[in-house]
Amino acid sequence: MNTKITAIVIALATVMLVGCSNNVPVDKIYGTYKTSYPFGTETIILQPSGEFIQTVAVNGQKEVTVSGTWKYDPNGSRVNFEGLLILLDGFGQLRNGWNEVKPGISSLAVEKNWFRIIMASAAPYPYLKQ
């Protein structure tokens with residue numbers, strides 16, 4: 001009886017380890033990520049060329065699309081962006097000047113969680129790969 005319970009526990013632990021992983025291969029990073037806010041939506045498309053397209057639709061305002069570059073850091077499992085719009089003010093609210101690109105690098109963690117790839121999973125509004 002104990003052998004069956006041990007086998008079940010080991011099988012469940014293995015499924016959990018495979019389903020959740022912080023190390024995502026770069027070829028799984030490419031694609032479209034979406035998130036929704038109380039004030040609108042955002043889409044980021046990561047292209048294999050190292051370029052991205054970001055589209056933001058804020059309720060009652062003109063949709064904004066920007067592009068820039070991105071690089072993947074496999075050691076930290078992070079996508080580093082140059083030219084990304086920053087929407088949130090640090091309190092989960094739309095920040096003033098959200099539609100202007102600020103100089104510098106923005107970095108978002110990427111992880112696999114139950115067979116889905118998520119960027120910024122710890123943020124109030126994570127990006128889900130479509």
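Computed from heavy atoms alone, side chains included, the values below leave out hydrogens, waters and symmetry copies.
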Connected via hydrophobic side-chain network under 4.5 Å: [X] and [Y]:
X    : Y    : value
V110 : I105 : no
I53  : V56  : no
F52  : I118 : no
L84  : L88  : yes

Where [X] and [Y] come nearest, the two heavy atoms and their spacing:
X    : Y    : result
K62  : W98  : O-CH2, 4.4 Å
N59  : P38  : ND2-O, 3.5 Å
D89  : L94  : OD2-O, 4.5 Å
Y72  : V24  : OH-O, 2.6 Å
R116 : L128 : NH2-CB, 3.7 Å
T35  : P126 : OG1-O, 3.0 Å

Handout entry: Rounded distance (nearest 0.5 Å) linking atom CD of Q130 with atom CD1 of I117
Key =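 Between Q130 CD and I117 CD1, I get 12.0 Å after rounding to 0.5 Å.
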Practice task
Any chance you could measure N113, atom CG, to S121, atom OG, to the nearest 0.5 Å?
Solution key: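 Output value for this atom pair is 7.0 Å.
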Side-chain donor or acceptor of [X] paired with backbone N/O of [Y] under 3.5 Å:
X   : Y   : value
W70 : E51 : yes
E42 : G40 : no
R78 : D73 : no

Would you check if there is a donor-acceptor pair between the side chains of [Y] and [X] at a distance under 3.5 Å?
X   : Y    : answer
T55 : T65  : yes
Q47 : Y30  : no
T43 : Y127 : no
S77 : N23  : no
E82 : T69  : no

Problem - Positive for side chain to side chain contact (heavy atoms under 4.5 Å, CB included) with Q54, one of V101, I45, V64, L87 - result: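 In the set V101, I45, V64, L87, the residue that makes a side chain to side chain contact (heavy atoms under 4.5 Å, CB included) with Q54 is L87.
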Problem - Partners meeting salt bridge (charged side-chain N to carboxylate O under 4.0 Å, His left out) with K102 (sequence neighbours left out) - result: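 In terms of salt bridge (charged side-chain N to carboxylate O under 4.0 Å, His left out), with neighbours along the sequence ignored, K102 is linked to E100.
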Decide yes or no for [X] and [Y]: does some side-chain heavy atom of the first lie under 4.5 Å from some side-chain heavy atom of the second?
X    : Y    : value
K129 : I44  : no
I86  : S106 : yes
L46  : Y33  : yes

Practice task
Please check if atom CG in D27 has more than 12 non-hydrogen atoms from other residues, nucleotides or ligands closer than 6.0 Å.
Solution key: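 Yes, because the 6.0 Å sphere around CG of D27 holds more than 12 heavy atoms from other groups.
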